[in-house]
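Everything on this sheet refers to the single structure shown next.
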Amino acid sequence: MIPNDPGIYYDVPFSDYVQIDAVNHSLLWEMENRSPLHARWKQDHPQEDTPAMRIGRAAHALILEPETFEQRWAVAPDVDRRTKAGKESYAQFVDGSGDRDVITAAEFESIQEMAKAIEGQRLHKLVRTGKAEVVLIWDDPDTGLRCKGRLDYLHQERGLFVIDFKTTECAAEDAFAYSIQRYGYFSQAAFYCMGCEEVLGQTPGYTWLVAEKSAPYAVAAYQIQSATLNAGTEFCRRALQRYARCAANDEWPGYPDAVTPIDMPRWRIEKEMTINQYQM
């Protein structure tokens, strides 16, 4: 049964989660970074599954819920399906995979290496003794909008804190700091913390567990700081207010219907002017 009432829910399949009628962070990100029109389109036309999304879910499953991985995922054999033997082998695999999601042997090897890298460090304790893929549903107190979030990992026994697992090309501090703002991780963290406050009555600690997607599969962990969390909270409040206004009037504007002045980013203008000064 698909949950819809405010509360905390465990063991909700991702296919059920996406059907919960509520505002999620990706809609707010679309509202502020593109337009309400784009957010509405995204809400009415859910994104189809992509290889990157599928591999990401598989990595989450193997690292955060290893005990249930084989129940939910099937690893395709590395065979040449152009040959008779390869076709037969793959057909047998399909028959035996049931309704499980499928990843290739190469994809499985890659996420196995990520899991091994995490297990080999003290950081692996961050994704043990808690619960994975925890769903929160709440009503935003300022707008009344129903909201939802799916936490990667939640600890509740010794204080409340969230682990947000991310894969990346580079987990170095400067590189990931850029990713935090580039991909909206700061506002996603704030949105989930808002959900914890409404459902669980307190603000959690929030840590990103970051794993590189290629050898040597280095791992890092970063704890969000108050300035970044506050910026994310302001972003979410602004986006929720905007979404509420659009929903109330059923008006979802796109980009401005006028000619708008535009410049390149200031840093690029300054770079060109500096180069020009040296060449004169």
Side-chain angles (χ1 to χ4, degrees), residues 2-7 9 12 14-50 52-54 56-57 135-152 162 164 166 177-199 203 206 208 224 227-268:
I2 299 173
N4 282 295
D5 295 328
Y9 299 90
V12 178
F14 183 76
S15 58
D16 287 351
Y17 171 73
V18 298
Q19 296 184 59
I20 298 172
D21 185 16
V23 176
N24 63 4
H25 172 261
S26 64
L27 288 180
L28 302 183
W29 187 251
E30 203 79 1
M31 286 280 296
E32 290 300 296
N33 286 280
R34 299 194 74 180
S35 75
L37 179 65
H38 290 86
R40 184 65 184 191
W41 175 265
K42 185 171 185 176
Q43 191 170 31
D44 292 341
H45 302 82
Q47 184 178 2
E48 294 184 4
D49 205 15
T50 66
M53 292 168 62
R54 178 174 45 79
R57 291 201 313 277
V135 172
L136 299 179
I137 301 176
W138 71 96
D139 292 332
D140 176 56
D142 295 330
T143 63
L145 291 171
R146 178 132 313 167
C147 301
K148 67 177 180 180
R150 187 176 174 89
L151 311 181
D152 287 348
V162 174
D164 193 348
K166 301 295 187 187
Y178 174 79
S179 295
I180 289 171
Q181 61 89 21
R182 173 67 178 82
Y183 301 113
Y185 297 162
F186 73 103
S187 50
Q188 182 186 47
F191 189 65
Y192 290 170
C193 287
M194 291 165 68
C196 287
E197 290 169 5
E198 294 303 317
V199 176
T203 301
Y206 201 98
W208 288 289
I224 194 169
T228 296
L229 183 61
N230 290 341
T233 301
E234 290 304 311
F235 176 99
C236 291
R237 286 175 176 161
R238 184 173 66 249
L240 284 165
Q241 291 286 350
R242 191 178 187 189
Y243 187 98
R245 289 194 300 270
C246 290
N249 299 316
D250 195 23
E251 295 180 355
W252 305 88
Y255 300 129
D257 187 17
V259 177
T260 304
I262 193 169
D263 266 328
M264 289 192 301
R266 176 59 55 184
W267 67 265
R268 185 56 192 259

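Note: hydrogens, waters and symmetry copies are ignored here, and every other heavy atom, side chains too, is used.
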Study note, to complete from the structure: Shortest non-hydrogen pair, Gly184 vs Ser187, comes out as O-OG, 3.1 Å
Check your understanding: Rounded to the nearest 0.5 Å, what separation is found between the CD1 atom of Ile224 and the CH2 atom of Trp208?
Key -> 3.5 Å
Point to revise | Main-chain N/O of Thr233 paired to Asn230 side chain as donor or acceptor, under 3.5 Å | key: no
Practice item. Report yes if some heavy atom in the side chain of Ser26 is under 4.5 Å from a heavy atom in the side chain of Lys42; otherwise report no. Key: yes
Check your understanding: Step by step, would you call Asp140 with Met194 a side chain to side chain contact (heavy atoms under 4.5 Å, CB included)?
Key -> CA-CA 8 Å; Asp140 176 56; Met194 291 165 68; 4.2 Å; yes
Revision key, fill the gap. Taken to the nearest 0.5 Å, the spacing of Tyr192 OH from His25 NE2 works out to 8.0 Å
Review point. Could you state the interatomic distance from OH (Tyr185) to NZ (Lys166), rounded to the nearest 0.5 Å?
Key: 5.0 Å
Check your understanding: Looking at CG of Leu145 and CD of Gln241, how far apart are the two atoms once the value is rounded to the nearest 0.5 Å?
Key -> 8.5 Å
Practice item. Could you pull out the closest heavy-atom pair between Gln19 and Ile2, with the gap in Å? Key: OE1-CD1, 3.6 Å
Exercise for review: Search all heavy atoms of Lys148 against all heavy atoms of Val18 and return the closest pair with its distance.
Suggested key: NZ-O, 3.5 Å
Practice item. Using atom types as modelled and distance alone, determine if a side-chain donor or acceptor of Arg146 lies under 3.5 Å from a backbone N or O of Ile20. Key: no
Exercise for review: Could you tell me whether Asp21 atom CG has more than 12 heavy atoms of other residues or ligands within 6.0 Å of it?
Suggested key: no
Practice item. Could you check Trp138, Trp29, Tyr206 and say which one makes a ring pair (Phe, Tyr, Trp, His ring centres under 6.0 Å) with Phe191? Key: Trp138
Review point. Which atom pair, heavy atoms only, marks the closest approach of Pro36 to Arg242?
Key: CD-NH2, 3.4 Å
Study note, to complete from the structure: Correct closest heavy-atom pair for Cys147 and Ala22 would be C-CB, 3.8 Å
Practice item. Return each pair, listed once, that meets side-chain hydrogen bond (donor to acceptor under 3.5 Å, both in side chains) where at least one residue sits in residues 246-263; pairs must be two or more places apart or across chains. Key: Asp250-Trp252
Review point. Would Met31 and Cys246 count as a side chain to side chain contact (heavy atoms under 4.5 Å, CB included) if you check the C-alpha gap in whole Å, the side-chain angles of each, and the deciding distance to 0.1 Å?
Key: CA-CA 10 Å; Met31 286 280 296; Cys246 290; 4.3 Å; yes
**Study point:** Separation of His38 NE2 from Gln43 CD (nearest 0.5 Å)
**Key:** 15.0 Å
Review point. How long is the span from the CG atom in Leu229 to the CD atom in Glu234, to the nearest 0.5 Å?
Key: 10.5 Å
Practice item. Would you indicate whether the side-chain heavy atoms of Leu240 and Asp142 approach each other to under 4.5 Å? Key: no
**Study point:** Shortest non-hydrogen contact from Leu136 toward Leu151
**Key:** CD1-CD1, 3.8 Å
Exercise for review: Show your reasoning for whether side chain to side chain contact (heavy atoms under 4.5 Å, CB included) applies to Val23 and Tyr243.
Suggested key: CA-CA 9 Å; Val23 176; Tyr243 187 98; 3.7 Å; yes
